[in-house]
Amino acid sequence: MLSECSSFLKGVMLGSTVFALITMLGHIRLGRRNGMHHHDHHHLQAPNKGEILKMSEAERVELSNSFRVYCLVPVTPKDVSLWAAVKETWIKHCDAAEFFSSEPVKVFESVAVNESDTWFMMRIAYIYAFNKHKDQYNWFFLAYPTTFAVIENLKYFLLGKDPSQPFYLGQTEVQGGLEYVRLEGGVVLSIESIKRLNHLLTVTQMCPEEERQIWKVTEEVLLALCLRNAGVFAENAEDDEGKNLFNTKTIGMFIKEAITDYPNDILGGCCSDMAVTFSRLTTDQMHVMMYGVYRLRAFGHIFSDALVFLPPNGSDND
C-alpha cells in the first residue's frame, strides 16, 4: 500500500512538470545545422529554450516529427494482466509498438516467437523489428511489461543524439569488466546499432544462441557481449544532475530511500524530473503512473509548449 501511495504522489508531481520540461529544447538544432555528429556520452545536455523559440512553426513541426520510436515488449502468457496494462497506458505514445510473445495468445495481438528462452526471444524480436521497420524508425526501445515509460521524455533525451551513430542506452552496470544496460529499466538502440546487431545475428553469427549455453548468463549481458563484437558499447543515460533516466525500481522504492538519505528534500533527492522509465510496477501502479504523468493538471498552470511530441493518435493526455 505504501508503495502504491508513494507512486501516486510522485506521479502527481511528475504530471505537472513533464510537458513543461519537454519544451526546453534547442541546442540540438544548432548541432544539426553545423553538421555535427558528436557522440555524446553519459549526460543529458542542458536544453536551450531560446533556440526553439527562434524557429518557425514549420521548423518546430519538422523537429517534433523527426524522432520516431518503435517499442518492443517481450511477454509470456503469465504476463497477460501486465500486458493489458501496458497496452492501455504508456505504449500508446510510441510511434509504433508490438508485443513479442513466447507463444500465441488469443486475447491480444502479438508476434509469436514460439520460444521460452528470453535471449532467443530478444534475438527474434530485434531481427523482426529491423527487417520490418528499418526504413521507418530511427530508435528502437525494448521494455519488459513491468516497466512504465514516458516516451516524450525519451524523445527529449534522444534529440541530442544522432541515430546514425551506434547508441546503446539505458541504466548501466558492470560485470566482470563488461558494461551492460539493465533491461529491467528498458534499453534503447539507434538504427545504426540495430543494423549492426542484425548483421551479427543473421550473417556473421557472432552472438551466442541461447543463454543457458553459457552458464545461464542473463540476456542483458549476452546483448552487451553481442553488441561489443560490433563496436557498440553501453552508455548510462543521465540528466544534467547525474540522476539516472532509466530506472530499475518503482517511484515508491526511490521515495523510501530518499526519506532516509535526503530527509529535507525527499522529492528532490528521489529521482530525475525527466525520468524515462520506472520498473517493477504492478498493473494498478501502471494506471496510477498514467494518471499522474498524463492526465492530472494543476489548475492555474498553463504550459505553452514550443515543441510537442504527439503520440500517433494525436492526443497527449490518453
Check your understanding: Taking the side chain from S101 and the backbone from V75, do they hold a donor-acceptor pair closer than 3.5 Å?
Key ->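 Between the backbone of V75 and the side chain of S101 there is no qualifying donor-acceptor contact (under 3.5 Å).
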Point to revise | Any donor-acceptor N/O pair, S102 side chain to S116 backbone, under 3.5 Å | key: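 No, because the side chain of S102 does not come within donor-acceptor range (under 3.5 Å) of the backbone of S116.
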Practice item. Could you tell me whether E238 and K243 have a side-chain N and a carboxylate O separated by less than 4.0 Å? Key: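 A salt bridge is absent here (no side-chain N lies under 4.0 Å from a carboxylate O).
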Check your understanding: Any salt bridge between E98 and K132, counting N to O under 4.0 Å?
Key ->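 Between K132 and E98 there is a salt bridge, with a charged N closer than 4.0 Å to a carboxylate O.
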Check your understanding: For residues E179 and T172, is any side-chain donor paired with an opposing acceptor at under 3.5 Å?
Key ->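 Side-chain D/A pair, E179 to T172: present.
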Review point. Between S272 and D239, is a side-chain hydrogen bond (donor to acceptor under 3.5 Å, both in side chains) present by the stated rule, with each step listed?
Key: CA-CA 7 Å; S272 174; D239 66 11; 2.8 Å; yes
Would you please indicate if the ring centroids of [X] and [Y] are separated by under 6.0 Å?
{"X": "Y70", "Y": "F140", "value": "yes"}
{"X": "F100", "Y": "Y128", "value": "yes"}
{"X": "Y294", "Y": "H93", "value": "yes"}

Practice item. Would you kindly check if the NZ (Lys) or CZ (Arg) of K155 is within the cone defined by 45 degrees around the ring axis of F157 and under 6.0 Å from the six-membered ring centre? Key: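 No, K155 does not lie over the aromatic ring of F157.
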Check your understanding: Do the numbers put R123 on top of the ring of F120, so that NZ or CZ is under 6.0 Å from the six-membered ring centre and no more than 45° off the axis?
Key ->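 Checked: cation-pi criterion met.
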**Study point:** Plane angle bin for F99 and W83 - parallel if under 30°, tilted between 30 and 60°, otherwise perpendicular
**Key:**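 Geometry flag for F99 against W83: tilted rings.
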Review point. Y126 and I194: which non-hydrogen atoms are nearest, and at how many Å?
Key: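 That would be CD2-CD1, 3.6 Å.
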